[in-house]
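First the structure, in the form of structure tokens, and then the observations on it.
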Amino acid sequence: MKFEDLPKAYEPKEHEEEIYRIWENSGFFNPDALPNSDKRKPFSLMMAPPNVTGHIHVGHAMENTMSDVLVRLKRMQGFKPLFLPGKDHAGIAGQHVVEKELKKEGKSRTAIGREKFVERVWDWMDQYGSDIDQELKRLGLSVDWSRKRFTMDEGYQKAVEEVFIHYHKKGYIYRGKRVVNWCTRCQTTISDLEVEYKEEKGNFYEIKYGPLTIGTVRPETKLGDTALAVHPDDERYKEYHNKEIEIESVDNTIPRNQPPKKAKINLIVIPDEEADPGFGTGVIKVTPAHSMADFEIYERHPEVPVTKIIDEFGKMNENAGARYQGLKVNEAREQIVKDLDELGLLIKTEEYDHSVSHCERCGAIIEPLLSNQWYVSMKELAGAATKAIKKDKIEFIPPTRKKVMLDWIDNIRDWNISRQLWWGHRIPAWHCACTEPEWHISHTKPDTPCKKCKKTWKQTEDVLDTWFSSGLWTFVTLGWPDKTEDLETFYPTALISSAREIFFLWIFRMIFSGIEFMGEPPFKVIYTHPTILDSQGKKMSKSKGNVVDPMKLIDEVGIDATRFGLVWQVMSTQDIQWSLGGFRTGKKFLNKLWNSWRFIYGQLGDGEYTLERPKVTLDHTKKIIAEYDETTGTVNNMLEKLEFGAALHELYDFYWHHFCDIFLEGAKKDDSDETRQTLIYVFAGCLKQLHPFIPFITEYIWSLVPLQKKTLLIVEEV
RNA sequence: GGGCGAUUAGCUCAGUUGGCUAGAGCGCUUCGUUUACACCGAAGAUGUCGCAGGUUCGAGUCCUGCAUCGCCCACCA
């Protein structure tokens with residue numbers, strides 16, 4: 001046997017597909033199919049389900065590679081690991097892709113109607129929904145495909161309804177009329193956490209309000225003013241407390257084609273701490289229907305009226321008066337500034353940078369406006385989460401995240417869970433036709449019509465916030481609400497690995513849902529991994545065009561080198577500045593591994609070897625065995641602490657600089673049995689240790705190593 | 001505005017509880033076609049460890065202040 005029989009270079013593309021197929025066919029991704037499966041200790045990990053509409057980006061690739069390293073290690077350590085894959089239906093984003101498609105065909109969502117639209121979304125899923133699966137396979141992830149879930153699959157939908165009904169029974173669900181973030185394009189409310197603020201140039205206007213002066217960047221909301229607020233201790237305005245003052249304003253009944261006229265209106269001046277005496281004039285105009293802060297003032301002073309002047313499309317409505325009705329918000333702004341100026345009510349205009357809220361999904365401007373929505377009361381649920389966290393039922397990595405979570409929960413508000421979308425989980429709530437409709441919460445439509453209006457019940461059009469369903473991911477994926485064996489075995493999971501971005505949106509919601517429905521937190525460890533920034537150290541984003549496609553990397557260097565490069569950089573939970581160094585190092589390392597194998601192959605001679613630990617007597621064999629033992633010990637400790645990069649560095653250094661540079665070189669001059677047995681022992685050990693990181697090449701070489709009684713490397717014991 | 005973190009070789013980063021003559025990978029210089037690998041080997045150069053103070057026998061490591069950068073959160077009427 002000669003090393004020349006093996007090609008000089010390892011070609012990843014020639015083996016990757018084949019090896020993944022072998023793994024899949026072996027069934028070993030499924031923990032139940034592992035040898036001695038019932039004696040193994042479970043180790044479970046849920047993949048953060050990517051949006052079905054998206055593609056895998058480098059962040060996903062890194063996150064899932066690290067998870068896979070852990071899962072593969074645990075599998076080899078004799079655990080029963082479940083790495084469960086799946087996808088999220090991605091409410092707004094899902095609706096968006098199909099809307100765009102329709103637009104290309106000259107159709108629209110509203111034109112084809114809800115039923116047809118939802119059908120189209122499912123069609124889209126059939127066509128493109130599996131793209132992500134293919135990408136995950138191309139990362140070499142050892143996930144159990146037989147257990148893969150989708151947040152809109154049948155069982156999941158049932159579970160989501162169950163949860164809603166459960167919350168309702170406990171009295172947590174209610175309908176509330178509040179100011180919400182309204183996307184004027186998506187036509188739905190969105191969460192605070194999905195609002196993106198962008199600094200924009202604008203103007204700061206000072207406007208005469210009777211005896212007072214007020215500053216604002218949104219003068220058009222003047223039409224919805226129902227009060228003024230001053231700080232209770234502000235001496236300047238004490239005389240006005242709780243008094244109505246008469247102010248001159250624009251007569252909004254005069255049509256636009258006529259010159260503006262003045263009109264007199266009365267506004268009450270209320271004392272409220274929200275007003276900052278140090279900012280501007282210290283007086284706030286209160287527009288409760290179109291500002292969160294103002295709405296909160298209204299809640300403290302319910303005597304203040306609420307007037308809605310902007311509609312769902314971002315246009316002024318009838319309450320804005322004939323002069324402004326129908327204008328878009330920014331047009332109305334121009335108009336009213338002009339009018340106020342002509343009437344001598346505009347004191348001054350200054351340039352002013354302020355942050356404007358945009359929809360994270362579509363980029364359109366968010367209008368805060370008054371709306372009727374469904375809420376979940378967070379008091380009890382958040383309380384339970386806080387308690388568990390304070391009792392250290394969950395470990396945070398890095399530990400600083402614990403306080404961040406607790407602080408956030410401390411200031412939590414009730415959760416607006418309804419969205420005015422068509423793609424998502426329908427809310428199991430039914431209403432009658434009465435003017436003050438009655439609500440019925442149940443899986444199916446109530447049998448008997450409403451007693452008052454005698455009309456049949458209709459299901460609410462709203463769907464649930466995507467995070468309502470993804471918050472249930474850790475246990476619905478295991479079969480909840482049924483009492484399944486999977487739940488028994490795999491809940492709670494060992495850890496959750498996630499980006500900082502969704503720490504509150506997702507992680508928090510999984511915590512309280514897990515506690516509420518399963519009685520204990522859904523994971524023992526929350527690992528907040530680093531974010532990959534671009535080569536300039538800036539966050540990657542589609543709009544900046546600085547995102548890196550991991551699939552292209554795989555095309556270039558192969559799966560193993562890609563995985564190597566991703567993990568190589570994770571030295572802490574500190575963010576990572578993108579660079580190609582690690583991928584090059586990875587590629588070179590694979591070459592080294594391959595060629596050292598070719599050399600060893602040539603050294604071995606004929607015959608089959610065993611994996612017995614050699615009894616070492618020579619200096620160089622003793623040394624390499626000692627170093628090998630130390631390295632494996634260190635590496636396993638590091639992985640236990642989720643120090644992925646450091647573990648890989650350790651292995652790299654040992655393999656290259658100790659095993660190859662020193663031991664292998666020395667072995668050239670020594671063909672004793674002891675040296676040969678040490679060679680094969682340490683080499684095979686390294687293949688095992690390296691397998692979680694670079695599974696393909698190691699599995700392939702393993703298939704060539706002349707060892708007795710070997711199975712696939714993926715289930716070898718380490 | 002609040003929180004967290006970073007700042008070490010040309011570049012990307014290690015450097016655990018203070019003991020460093022400060023390391024790795026890439027790049028660079030010189031040499032080497034030795035029974036795997038030139039995607040290699042051997043040898044080597046390169047740093048006032050962001051700035052200013054302080055604690056200490058001793059500080060890249062601890063403390064204070066400053067500067068720059070980044071991420072997260074909140075948001076200004």
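Sequence lines set the chain letters: A, B, ... in the order given, protein chains first and strands last, and positions in each chain run from 1.
Annotation: side-chain hydrogen bond (donor to acceptor under 3.5 Å, both in side chains) contacts of A:W415 (sequence neighbours excluded): A:D465.
A:K668 has its NZ atom 10 Å from the C1' atom of B:rC40, to the nearest Å. A straight line from CH2 of A:W578 to P of B:rU12 spans 14 Å, rounded to a whole angstrom. Rounded to an integer number of Å, the gap from CD of A:Q577 to C1' of B:rG5 is 14 Å. Following rounding to the nearest Å, A:L533 (CG) and B:rC69 (C1') show an atom-to-atom distance of 11 Å. Whole-Å rounding puts the A:M571 CE to B:rU12 C1' distance at 12 Å. Rounded to a whole Å, the CG atom of A:L566 is 16 Å from the C1' atom of B:rC13. Between A:E296 atom CD and B:rA77 atom C1' there is a gap of 14 Å when expressed in whole angstrom units. Rounded to whole Å, atom C1' of B:rC73 lies 6 Å from atom CZ of A:F504.
Residue contacts for A:D407: at a heavy-atom cut-off of 4.0 Å it reaches no nucleic acid atom on any strand shown. Note on A:H290: nothing from the nucleic acid sits closer than 4.0 angstrom, heavy atoms only. In this structure, A:Q603 reaches neither bases nor backbone, as no heavy-atom distance under 4.0 Å exists between it and the strands shown. Contacts of A:T216 with the nucleic acid, taken as non-hydrogen atoms under 4.0 Å apart, involve only primed sugar atoms and P, OP1 or OP2. Using a 4.0 Å heavy-atom distance criterion, A:G581 is classed as making no nucleic acid contact.
In this model, the phosphate group of B:rG25 is approached by a side-chain N or O of A:H657 to a distance below 4.0 Å at OP1 or OP2.
Note on A:R584 versus A:E556: no salt bridge recorded, every NZ/NE/NH1/NH2 to OD/OE distance being 4.0 Å or above.
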(request) Please report the C-alpha distance between A:R500 and A:D575 in whole Å, then the side-chain angles of each, then the deciding distance to 0.1 Å, and finally whether the salt bridge (charged side-chain N to carboxylate O under 4.0 Å, His left out) criterion is met. (result) CA-CA 10 Å; A:R500 258 193 302 273; A:D575 286 352; 2.4 Å; yes
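You won't find any donor-acceptor pair under 3.5 Å spanning the side chain of A:K539 and the base of B:rC71, going by distance alone.
Across the strands present, B:rU33 finds no partner; the criterion is a Watson-Crick or G-U wobble pair with both atom distances under 3.5 angstrom. Using N1 to N3 plus N6-O4 or O6-N4 for Watson-Crick, or N1-O2 and O6-N3 for G-U wobble, each under 3.5 Å, B:rU7 pairs with B:rA67. In a base pair of the Watson-Crick type (N1 to N3 plus N6-O4 or O6-N4) or a G-U wobble (N1-O2 and O6-N3), with each distance short of 3.5 Å, B:rG1 is matched with B:rC73. With a cut-off of 3.5 Å on both pairing distances, the Watson-Crick or G-U wobble partner of B:rC57 is B:rG19.
Classification of the A:F589-A:Y652 ring pair by plane angle, with boundaries at 30° and 60°, yields tilted. A tilted orientation is assigned to the rings of A:W594 and A:Y10, their planes being inclined by 30° to 60°.
As rounded to the nearest Å, B:rU7 and B:rG60 have P atoms that lie 15 Å from one another. Using atom P as the reference point in both B:rG58 and B:rG65, the two lie 23 Å apart (nearest Å). Rounded to whole Å, the separation between the P atoms of B:rC63 and B:rG18 comes to 11 Å.
Picking from B:rG70, B:rC37, B:rG25 the nucleotide with the shortest atom distance to the side chain of A:K538 gives B:rG70.
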